[in-house]
Amino acid sequence: MIEKILIANRGEIAIRVIKTCNALGIKSVAVYSDEDVNSKHVKMASEAYHIGPPPPGQSYLNMEKIVETALSCGADAIHPGYGFLSENADFADLCEKKKLNFIGPSGKSMRLCGDKMLCKAAMIKAKVPTVPGSPGIVEEVEKALDIAHEIGYPVMLKSVFGGGGRGIRLVHDEKELRQAFELASGESKAAFGKSALFVEKFLPKIRHIEFQLARDKHGNTVHIFERECSIQRRHQKLIEMSPSPVVDQKIRDEIGQLAVNATIAVDYLNAGTAEFLRLDDGTFYFIEINARLQVEHPVTEFVSGLDLVKLQIDIANGKELPFKQKDLKVNGCAIECRINAEDTFLDFAPSTGKIYDVNIPSGPGVRVDTYLYPGCTVSPYYDSLMGKLITWGQNFEEARQRMQTALSDFYIEGVENAIPLYRTILDSKEFISGDLSTDFLDRFKILDRLQSDLKKEASQKSEVALAATLIHSEFLKNRVKSHKEHGIRWKTQLDRN
Amino acid sequence: MIEKILIANRGEIAIRVIKTCNALGIKSVAVYSDEDVNSKHVKMASEAYHIGPPPPGQSYLNMEKIVETALSCGADAIHPGYGFLSENADFADLCEKKKLNFIGPSGKSMRLCGDKMLCKAAMIKAKVPTVPGSPGIVEEVEKALDIAHEIGYPVMLKSVFGGGGRGIRLVHDEKELRQAFELASGESKAAFGKSALFVEKFLPKIRHIEFQLARDKHGNTVHIFERECSIQRRHQKLIEMSPSPVVDQKIRDEIGQLAVNATIAVDYLNAGTAEFLRLDDGTFYFIEINARLQVEHPVTEFVSGLDLVKLQIDIANGKELPFKQKDLKVNGCAIECRINAEDTFLDFAPSTGKIYDVNIPSGPGVRVDTYLYPGCTVSPYYDSLMGKLITWGQNFEEARQRMQTALSDFYIEGVENAIPLYRTILDSKEFISGDLSTDFLDRFKILDRLQSDLKKEASQKSEVALAATLIHSEFLKNRVKSHKEHGIRWKTQLDRN
Amino acid sequence: MKFKLENTDETLEGAFVKSLGNNEFIIKIKNSERNLKIIDMSYDKIEFMLDNSFHTTKYLETSTSKITVVVDGVKLTFNKRPDLDKIVYKNSGMESATDSQVSLKSQIPGRVVSINVSQGDNVKKGDVVCVLESMKMQVSIKSHKDGLIKSLKVKQGASVAKNDVLAEIE
Amino acid sequence: MKFKLENTDETLEGAFVKSLGNNEFIIKIKNSERNLKIIDMSYDKIEFMLDNSFHTTKYLETSTSKITVVVDGVKLTFNKRPDLDKIVYKNSGMESATDSQVSLKSQIPGRVVSINVSQGDNVKKGDVVCVLESMKMQVSIKSHKDGLIKSLKVKQGASVAKNDVLAEIE
């Protein structure tokens, strides 16, 4: 039985895993780069080991160093989180070789999931419908141009590696495709040492709906409902929810069974996700299996009542799933907003730096997974996900209302973030009516509405701001500079008569 | 429909009500005494009005002032929280007279619930079993002595007013009864202007189990399961949970129906609680109806998925209950620990003062309702409840594990509290096996175990503490005094070579 | 004090009227008197009641010419010089570079992955000048106008901060 | 430095051995060398790694004779004078008054509701001397020994702080 888990990750997901370890009495081991010596996962773990300099390649992607650390500190298992080494089949193999219990699928299964072309073939064999598109990997930009010409623009340029939306580019013409091909190759080479791209027909107004899966070592397989993840920017998810407004129990049973078949087709182990695209006419196409715990797993935890990390550990321990498909029922509705460090109005460009202040919301049905604390740093070396705000309600409307309240209470000082954008989205009649699609932001000109909302809000607060400015000029004007420099917090001497 | 609610309360319950108001888009109005100008409920409400000096009699119990404030600010409803005016029938009547929607039962029903003797008579009529004891109010100490002599010591001396354990005293002999009678009269006179005590047979090794109730204006009545509240100190609840380890669905249906009958017998309206004692042989005795939202309502919210404050508002708006008894199913298990400002080793005596630092736990299945923030004050004028830590799990064990983890993460600097005590209780085999009773602390000598746990913990941390002391003498020794005096936070100049 | 909300005709004017003692004041906003009670004040943060609502304000940046405050989580900037009194919206996305600017600045912090032009090249608005990497993403930095690359200010592999000049384009 | 854990025979001794630079040090605890890395330090709080575990320590009270620290949420007090080196447990409940003490002190803050004895009265241990009210509770303050009420130090209605003397009993 697993007694000590090394978490080969950082940020909110490392903290998430530590929390379950603590509850189960399992020792947790954090690893950290020079950049993360002050990070919360280091502070929370039972033990923490330094593994290298800031660039991921020299620390969080350094598999030998991580395995060596696990062995020398006596960890018996490794949880990879998401990103980094989580879907690296070589790492899974290395763990197995070193007798470390890798909490995830086998290297072999991971390779099959990761190779989108082989995976597609396996799905076709298992009668799981897939997206119409190019037959295999496209090595040369000229070949990509030929295919695009054949199936017609716009097309999607995708990387066999990547996932989570990275390495996916929509291109409208030859020029864009050339530029995108070069960039995508570069990114892929930088991250994975090699490039392998393919082309797929662009499908308009699609929804992204995925099914949470779990499979134990005894072959028991279930899906734990769907998540609707259609609100995206640049093909990366922003808002996720479960259940989906367009999935009823009949569709859930039907597509859920396809997801289970897909899982069995790649001999998957542990928790994973089968991603589907859904067209406006109700057609579902399998796109890929994410061979890891997803960022958005908390929405499934809320509606299923399960602790998915605990489930992962139990499966890794060889236990049988403690339930059957029929035991699982959707309870209420959960929504997640990803709290990314990025500037909505700069095309979601990264925003990094020190967090001077943060207020984390709380309340009935509110959960926040985050690494933020006042004084921490959002590093440019790692991804922009600072945290996740998840709310649950008996129904969609209650979850939405709680999300709105929690968003208003969420304050982050130091980096740009999308909280105002989420407030605009959650207020929109289209979101409320469930008219979702991956081009939601463009289709409803959400950024224009956001600008108008921000103006309205500024106008509402202008009198209060004026009062604050008056106070400043009356009491603080000459003091701020000098005191800020010395970092002194002082109490003002107001009249006490 | 209610659009603006004045919350005639303070502390965590005022904040709790504000959160639901925010989610529902209802404006919230806080009231505050001089002592509370810096309190969190004032900061969170849409509006806040000063109502008087610190002593409750001149502020939070000043019904005329509160009603006047509600009328002048345009509130259309009043939520009384618990304590203070929540069970004051005159206040409910006054609100009704002034056309303010009082979110609770009618004054008439409240009077019946509050008069334990009349209530007992109503229950006997409704065939709800009650505790054997004195036939009515005992005005003179000599009469109390006679009754005690008749039914035999030990006996319980109780106040017709009070509730929440206040005004209940266990006495073993004549001398104790005389002293207790005098104190209880005094307290009751101070708080309610009059005294009315009665005597009941002391029942050994009892459990305190209560049923959450809801009744709408159309007469629909349901119970929302039981809460086991047997872990107590001085007859006040410390830990509550739902479901109870000794209540199965059959008993839940049976006693729940008694609770519903009790509710109807007093023509109750809105959310309330029927309290029962359960003897070791499985007998349940009704003791009283608490005519308000209870401190421990969050455990019911967790296992039912309901927002009870929202339910209260809906009922006050005249809506019908949106469910039937058969729709309500217990989902998992929830536990609550009350975070009181009191010194466990000083017989739970109050501990007040400034909160220098606080860390509030979070995580899956963790909820904290609290008014604490760094820099706030725990006032001697009001009760000792600083907050509540509530955890949910799919089953008792998961809820317990999450509670243990959350308790370790909960840090309060400035006042004594019972967090270490709860850790000892939650670790005990008796708690785990569900062997609960109101004398749990004494029966299992929990305070002795706590002392031994604290010693063990101190011993485990002694080396770390030694390291910290070494650092202090090396780097900080001569700096602390002067810097603390000036309130300066400085970064030390360590060698940076 | 007087200032204007950008893009609207709303003008705001305010002043302290008098002290009532006990940290309470009468102030005037838009010609109506309001009650102000200061609850707590530190060098960069003030908590106060305006009439009967509580507000928290943080001062993020203060200089003689402007002040940036966060009021109940909403960020506003005032220009204090009378001729420039206005509120500039956070996130307004309205401050993009114009044709008259020479400098192409980085709007994000990052590492230079590649430089796609050389000194003396002619570029069109929208052409990729260089690629930055930040937070695992590669971001193309595009020319903000048609022109000639006068000079390149960064090298491949270099780290740039937000607002660093990447190139000068004339 | 050397100190003893109260009620056990465990003795702890420690010292700085050397600096490794970069805020890392070798220290010796119980004769074994340990690696200490200071992460962050302010006047009342230190964050450090001891070997490979992170710890937070707050210094609540420091004087020449003793130091009270909270280590990862656990409070410990060291007496630093060599003859008194020991850890006094928080919440040990062992510091109750003894017969030799004259002063009856209040262990809670509160308001005096009633005084139940007069100067010159004889009291027995456990007799109620006065009643305090705090946090809506009435708490009886009982004599800590048999004796004679020499003087009463409080009046009805007065507020008392923790550790205020209520009466002197001889």
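Order of the sequence lines sets the chain letters (A, B, ...), proteins ahead of strands, with each chain counted from 1.
Ranked by non-hydrogen atom pairs under 4.5 Å with chain B, the options A/Ala23, A/Pro298, A/Ala406 are led by A/Ala23. Among A/Gly332, A/Gly363, A/Ser362, the residue making the largest number of heavy-atom pairs under 4.5 Å with chain B is A/Ser362. For the set A/Met403, A/Glu398, A/Arg367, the count of heavy-atom pairs under 4.5 angstrom toward chain B peaks at A/Arg367. Heavy-atom pairs under 4.5 Å with chain B were tallied for A/Asp369, A/Asn331, A/Leu306; the largest tally goes to A/Leu306.
Looking at A/Ser304, only its backbone comes within 4.5 Å of chain B, counting heavy atoms on both sides. For chain A, the nearby parts of B/Asn22 are the backbone and the side chain; heavy atoms of each come within less than 4.5 Å. For chain B, the nearby part of A/Arg16 is the side chain; its heavy atoms alone come within less than 4.5 Å.
With a 6.0 Å radius and a threshold of 12 heavy atoms from other residues, nucleotides or ligands, B/Lys27 has its NZ atom at or below the threshold. Around CD of A/Glu3, the count of heavy atoms belonging to other residues, nucleotides or ligands within 6.0 Å does not exceed 12. In this structure, B/Lys354 places its NZ atom where only 12 or fewer heavy-atom neighbours from other residues, nucleotides or ligands lie under 6.0 Å away. Crowding of A/Tyr356 atom OH: a count of heavy atoms from other residues, nucleotides or ligands under 6.0 Å not exceeding 12.
Side-chain contact between B/Lys310 and A/Gln401: present, with at least one pair of heavy atoms (C-beta onward) separated by less than 4.5 Å. Looking at B/Lys19 and A/Thr405, their side chains never come closer than 4.5 Å, going by heavy atoms from C-beta outward. Between A/Gln394 and B/Asp307 there is no side-chain heavy-atom pair separated by less than 4.5 Å.
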